2 protein chains.
Amino acid sequence: MTEFIPPGTRFVELPSPFPMKRGGALHGARMAYETWGTLDDEGDNAVLILTGLSPDAHAASSERNPEPGWWEAMLGPGRPIDTDRWFVICVNSLGSCKGSTGPASTNPATGEPYRLDFPDLSVEDGADAAAHVVRALGVERLACVIGNSMGGMVALALLSRHPGIARTHINISGAARALPFSIAIRSLQREAIRLDPNWNHGHYTDERYPESGMRMARKLGVITYRSALEWDGRFGRVRLDPDRRPDDDPFGLEFEVESYLEAHARRFVRRFDPNCYLYLSRSMDWFDLGDYCQVQPTSRAADARDALSRIRIERALAIGVHTDILFPLQQQQEIAEGLAAGGADARFLPLESPQGHDAFLVDIARFGPAVRGFLDRVR
Amino acid sequence: MTEFIPPGTRFVELPSPFPMKRGGALHGARMAYETWGTLDDEGDNAVLILTGLSPDAHAASSERNPEPGWWEAMLGPGRPIDTDRWFVICVNSLGSCKGSTGPASTNPATGEPYRLDFPDLSVEDGADAAAHVVRALGVERLACVIGNSMGGMVALALLSRHPGIARTHINISGAARALPFSIAIRSLQREAIRLDPNWNHGHYTDERYPESGMRMARKLGVITYRSALEWDGRFGRVRLDPDRRPDDDPFGLEFEVESYLEAHARRFVRRFDPNCYLYLSRSMDWFDLGDYCQVQPTSRAADARDALSRIRIERALAIGVHTDILFPLQQQQEIAEGLAAGGADARFLPLESPQGHDAFLVDIARFGPAVRGFLDRVR
């Protein structure tokens, strides 16, 4: 079992025991985080970033770690999330393998990795753990919490479970609940990992590692993170050079798009722990903000909307992308409308990015001004 | 190796040798087909149906086989494809395992199943084989060729390679070429089968059968055949009854949508030959009508459009569905516009069906009138 912790990562110990939503508790658990900028004297310029499934806390380069981060173009001095103005915190998700405690971490009760003995992980546990980091850093109230993808779910759970923790919120390609298409995709990704004989019910090693299962899961992920529209222009029907094609495999790689998927998958499979992937993936399926509604349920959609309307914040922005098939646009619209029903000045911003669910990582030309404009008005 | 041939299926021998587009030839090959209705004295009331990847030739019940067919609501006396008026032919695709010769059939040279010794299969080979069936049944010129999904590709190849074979054409959720999103999905389905150790480079048996790989491939297929919109309404976040959940599997089925996929997959895996699946799937990736253009290529899109404009037919209808992610709407629009550029009275009909790529199989309320209306004008 390997954890992948960027240099310069800092840690906060979680309360021990740290109770988990679906039962059980963690002992001696920790959260990994990084910060940029300086908390001002009033303590009111803090921005929290909650990530998608796989990123670490290294969102951008810093003195402690000059390597570019996964959101480098968005975050830094003069950038849309301007670290000359904001004290920015990014946490690695609870349950991940990049510094925060997760299934790949050592279980203090046994001295062995948790593997499948890790308790059930919910989005809400990640929210509670993130709230603890915020408090531990001396922040009483965040100026803004920004959540991307899964982080958008975590942010809504944070706002629901910790009233007053943030004045404003940017939800990027997030959702108030998992819908069946996304559940089906994630279920299939998990099945691919579990079917790999090397997964061995979670007891793999570096030598016997579920490489094929992880490769399948990642390829399916990449397919659903991007969009057909983008790929039409980017790959079309271009074929690999003959010398890049395998000779001996009649069904081997032939098109550029296949090679692109293969390269993406190869970079990922040994850089993310399979059990952590399973736990985080399942936590998204379980997530439904409707669990926090207190009216008689009529439908789950109504429940989620009611729960959103019970969140008290000043302002919010829900950004989505037309080409996103995993967290489709209606889900960000639902967030904006639900928060507005609760009294927030909440806006829905659909963007025409071709890059699908992953657009926030690459289409900074569209996302940058939207995020910058929102934060300009927070002060 | 098993073939799955519905009772009542008829056969036409293909010329021997039957040359294949990418090289090699079949010897002693045959095509499976069924017919409904009667060819009139002028021989001008014949309609050919070309299917998607998996269906057999049994599109509808008949005297020879009273079981309902896969397009039962569309085809029969008084139905949209009215067998009181039309002599309807449906062929099982070349390369399939449902009566027509394919990788699961016996290789006359060895007396063993072809398996991976079957020659490379192209959409064009299927078109040539279908043309042979049409001629063998005494039809000089089809009143209409109808192609669904992969069959839409086969139909365009048929019209390109056999000028004059049809007066009119209905292309349903088809495409003039494969685009990278669909290629990526199909590539991943094939990889799932090939990764299954029981696939064994095509040398599986009924006892050691690539069941997991086929299950994965089929689930991914079903996910891309339907739509998120349909599933939101159909499954939402409904969970299985506890007594239908596996006790011992922490990542087992939990949501109705997962159970639906599982049931679909289980019905399929032993009813379609894995090698045939691989061959047919790959043939779609290879298909590009632009191969038939004769102008200087500027882009592949332009090529396909040029090739479409070289097809000579009287009338055409290209039907697509807003929620189709596998053969998206622009592809049917391209077909209609390309055929119109060639002088056909060609119309593009986008439908609002929620059922995605598979809508033509189930949304007869929308597809039925469109097909009936077109055929009414053919006579």
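Computed over heavy atoms, backbone and side chain alike; hydrogens, waters and symmetry mates excluded. Residue numbers begin at 1 in each chain, while the letters A, B, ... track the order of the sequences. Small disclaimer: the values here were computed from a predicted structure and weren't measured.
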### Query
In terms of heavy-atom pairs under 4.5 Å with chain A, which of B:S227, B:S281, B:A228 leads?
B:A228
### Message
For the CZ atom on B:R22, are there more than 12 heavy atoms of other groups (residues, nucleotides or ligands in this structure) within a distance under 6.0 Å?
### Response
yes
### Task
Decide whether a cation-pi geometry holds between B:R270 and B:Y209; the criteria are a distance under 6.0 Å from NZ or CZ to the six-membered ring centre and an angle within 45° of the ring axis.
yes
### Message
Using heavy-atom distances under 4.5 Å, tell me whether B:L261 contacts chain A through its side chain, its backbone, both, or neither.
### Response
side chain
### Query
Do any N or O atoms from the side chain of A:R237 and from the backbone of B:A178 form a donor-acceptor pair under 3.5 angstrom?
yes
### Message
Looking at A:F251, I'd like to know if the NZ or CZ of B:R194 sits under 6.0 Å from its six-membered ring centre while staying within 45 degrees of the ring's axis.
### Response
no
### Query
Given side chains that start at C-beta, do those of A:M20 and A:L26 come closer than 4.5 Å, heavy atoms only?
yes
### Largest heavy-atom contact set with chain B, pairs under 4.5 Å, which of A:P328, A:G252, A:S187
A:S187
## Note on the structure
Per side chain to side chain contact (heavy atoms under 4.5 Å, CB included), A:T224 is matched among A:L326, A:D324, A:D358 by A:L326
### Query
In terms of heavy-atom proximity below 4.5 Å to chain B, should A:R239 be classed as side chain, backbone, both, or neither?
side chain
### Task
Tell me, for A:I185 versus chain B, whether the close heavy atoms (under 4.5 Å) come from the side chain, the backbone, both or neither.
both
### B:L253 versus chain A, the contacting section by heavy-atom distance below 4.5 Å
neither
#### Entry: Under 4.5 Å from any heavy atom of chain B - which part of A:L188
both
#### Entry: Which atoms of A:I223 approach chain B - backbone, side chain, both or neither, heavy atom under 4.5 Å
both
### Query
Where does A:D285 contact chain B at under 4.5 Å (heavy atoms): side chain, backbone, both or neither?
both
## Note on the structure
Assert top hit (heavy-atom pairs under 4.5 Å, partner chain A, pool B:Y260, B:F255, B:F235) equals B:F255
### Message
As an exercise: rank A:L116, A:L195, A:I325 by heavy-atom pairs under 4.5 Å with chain B and give me the winner.
### Response
A:L195
### Note: B:D120-B:R282 ion pair, threshold 4.0 Å (strictly below)
yes
### Task
Anything under 30° is parallel, anything over 60° is perpendicular, the rest tilted; go ahead and classify A:F181 against B:W231.
tilted
### Side-chain donor-acceptor pair present, B:Q330, B:E334, cut-off under 3.5 Å
no
#### Entry: Toward chain B, the part of A:R215 with a non-hydrogen atom under 4.5 Å
side chain
### Task
Just give me the residue among A:E256, A:R190, A:K219 that pairs up with chain B most often, heavy atom to heavy atom, under 4.5 Å.
A:K219
### Task
Under 4.5 Å, counting heavy-atom pairs only, tell me which of B:P197, B:A184, B:S182 racks up the most with chain A.
B:A184
